Amino acid sequence: MLMRPFSMHLDFRRGDLTPRDRTNIRKLSDMRGMFFNAEAELLALEKENPIIYSFQERVFPEENGYLQLAVTTIHPGKIGDEYFMTKRHYHKRPDTSEVYLGLEGEGWLLMQTVGGDFESIPLKPGVAAYIPPYWGHRMVNTGSTPFIFFAAFPGDAGHNYGDIERAGFVKILIEENGKPLFIDNPRWKKIE
Ligand code: PAN
Ligand code: ZN
């Protein structure tokens, strides 16, 4: 069936996509074991289990030729010294790209290949980043306000959380003396 052209509304400040098909909420309990400081993670879980981020999606056919659209809001905060961040993933079809556009707040885009090649790009309103094929990706909120960004990716890209979940990212982003600092992740292991 022929899809008709259409428009939608993007509220940059609130991170609202209208109309939308679904809203996903990721609490700390959905990200167990992903923060570096396991003790701080457990404490925060027991105390309030905070919402780390949420994302609103327009869902289209999972086929070549279409695009999927999403707006993500990462709340400000830290677990230990590590900033709130997204889970991260590769695409199920790893040879697919994605574009992220910063709408509100500030943060960093962390990217990594299966071989351990690492790249990072700072994002703020008006900055768009191109994530090429084969790069796993994660966003991190390094500011004190919500970090909101828009994403567009191929209809059939899909999401693969497992591969990075096992290996972790080579670097993590922590706050030191009030500033973001990249440090090596001692837990990271290359998948053989
Ligand atoms: C984004 C992400 C979104 C949430 O739309 O899916 O920011 O992050 P996680 O998927 O890592 O939980 C995207 O990259 N889509 O492909
Ligand atoms: Zn993606």
Side-chain angles (χ1 to χ4, degrees), residues 8 10-12 14-17 20-35 49-64 66-77 79 82-114 118-125 127-143 146-173 185:
M8 68 201 99
L10 247 175
D11 186 325
F12 288 18
R14 297 172 54 88
D16 282 339
L17 188 57
R20 56 185 169 269
D21 296 308
R22 58 178 183 230
T23 300
N24 312 280
I25 293 180
R26 297 284 178 261
K27 295 181 125 192
L28 183 57
S29 52
D30 300 310
M31 300 178 73
R32 280 172 203 268
M34 290 192 176
F35 287 92
N49 188 20
I51 293 176
I52 308 290
Y53 63 100
S54 62
F55 56 110
Q56 302 181 355
E57 293 178 292
R58 282 297 306 265
V59 181
F60 297 99
E62 292 180 5
E63 290 169 26
N64 180 26
Y66 293 93
L67 290 171
Q68 310 292 353
L69 307 174
V71 175
T72 304
T73 300
I74 310 178
H75 294 282
I79 300 297
E82 194 175 8
Y83 295 105
F84 281 10
M85 60 195 183
T86 57
K87 275 187 173 183
R88 74 311 209 231
H89 58 265
Y90 288 103
H91 288 158
K92 206 178 274 173
R93 262 200 60 187
D95 60 343
T96 50
S97 302
E98 179 155 4
V99 169
Y100 277 177
L101 169 64
L103 304 179
E104 187 75 26
E106 60 185 283
W108 281 81
L109 167 61
L110 275 50
M111 288 158 288
Q112 185 175 309
T113 64
V114 174
F118 181 83
E119 287 270 353
S120 59
I121 293 178
L123 264 271
K124 61 181 182 181
V127 176
Y130 188 107
I131 304 166
Y134 303 106
W135 288 85
H137 39 283
R138 153 180 290 165
M139 282 286 242
V140 183
N141 184 353
T142 53
F147 176 36
I148 303 173
F149 60 95
F150 174 75
F153 53 102
D156 56 349
H159 294 102
N160 170 7
Y161 293 93
D163 283 356
I164 307 189
E165 215 154 288
R166 283 195 294 278
F169 253 95
V170 219
K171 289 193 187 288
I172 58 176
L173 199 40
N185 178 3

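Here the structure is a predicted model, which is why all the values come from computation and not from measurement. Counting starts at 1 for both ligands and their atoms, in listed order.
Contacts of Glu98 with ligand 1, taken as heavy-atom pairs under 4.0 Å, involve the side chain alone. With a heavy-atom cut-off of 4.0 Å, Lys87 touches ligand 1 through backbone and side chain alike. Only the side chain of His137 comes within contact range of ligand 1, with a heavy atom under 4.0 Å; no backbone atom does. By the criterion of a heavy-atom distance under 4.0 Å, the side chain of His159, and not its backbone, is placed next to ligand 1.
Atom numbering of ligand 1 starts at 1 in the shown order; those under 4.0 Å from a heavy atom of Tyr53 are 4 (C), 8 (O), 9 (P), 12 (O). Each of the atoms 1 (C), 13 (C), 14 (O) of ligand 1 lies under 4.0 Å from some heavy atom of Tyr100. Within the listing of ligand 1, atoms 5 (O) sit less than 4.0 angstrom from a heavy atom of Ala70. Atoms of ligand 1 lying under 4.0 Å from at least one heavy atom of Phe149, given by number and element, are 7 (O). Every atom of ligand 1 with a heavy atom of Tyr161 under 4.0 Å away is listed here by number and element: 9 (P), 10 (O), 11 (O), 12 (O). Close approach of ligand 1 to Thr86 is summarised as follows: ligand atoms under 4.0 Å from at least one heavy atom of the residue are 8 (O), 11 (O).
Taking the N/O/S atoms of His89 in turn, the shortest distance to the Zn ion (ligand 2) belongs to NE2.
With hydrogens and angles disregarded, no donor-acceptor distance shorter than 3.5 Å links the side chain of Thr72 to the backbone of Phe55. Although no hydrogens or angles enter the test, the distance criterion places no donor-acceptor pair under 3.5 Å between the side chain of Tyr53 and the main chain of Asn24. For the pair Asp16 (side chain) and Asp11 (backbone), a donor-acceptor distance under 3.5 Å is absent. Formation of a donor-acceptor pair under 3.5 Å by the Arg26 side chain with backbone atoms of Ile51 is not found in this model. Remark: the backbone N or O of Leu17 is paired with a side-chain donor or acceptor of Arg20 at under 3.5 angstrom. No side-chain donor-acceptor contact under 3.5 Å links Glu104 to the backbone of Pro125.
Nearest protein neighbour of atom 7 (O) of ligand 1, counting heavy atoms only, is Thr72 OG1, 2.8 Å. For atom 11 (O) of ligand 1, the nearest non-hydrogen atom of the protein is Arg88 N, 2.9 Å. Atom 6 (O) of ligand 1 has as its closest protein heavy atom His89 CE1, 3.6 Å.
Below 3.5 Å of separation, one finds no N or O of Arg26 facing any N or O of ligand 1.
For His159, every N, O or S atom stays at 2.8 Å or more from the Zn ion (ligand 2).
If you put the vertex on the Zn ion (ligand 2), OE1 of Glu98 and NE2 of His137 sit 90° apart, to the nearest 10°.
One finds a salt bridge joining Arg22 and Glu57 here, because a Lys/Arg side-chain nitrogen approaches an Asp/Glu carboxylate oxygen to under 4.0 Å.
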_Intermediate values then yes/no, side chain to side chain contact (heavy atoms under 4.5 Å, CB included), Phe60 and Leu69_ = CA-CA 8 Å; Phe60 297 99; Leu69 307 174; 4.0 Å; yes
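Using a 3.5 Å distance cut-off with no hydrogens or angles, the side chains of His137 and His89 do pair a donor with an acceptor.
In this structure, CD1 in Ile148 is found 9.5 Å from CG in Asn141, a value given to the nearest 0.5 Å.
Between His91 and ligand 1 there is a heavy-atom distance shorter than 4.0 Å.
Using the six-membered ring where Trp is involved, Phe149 and Phe147 have ring planes that are tilted, between 30° and 60° apart.
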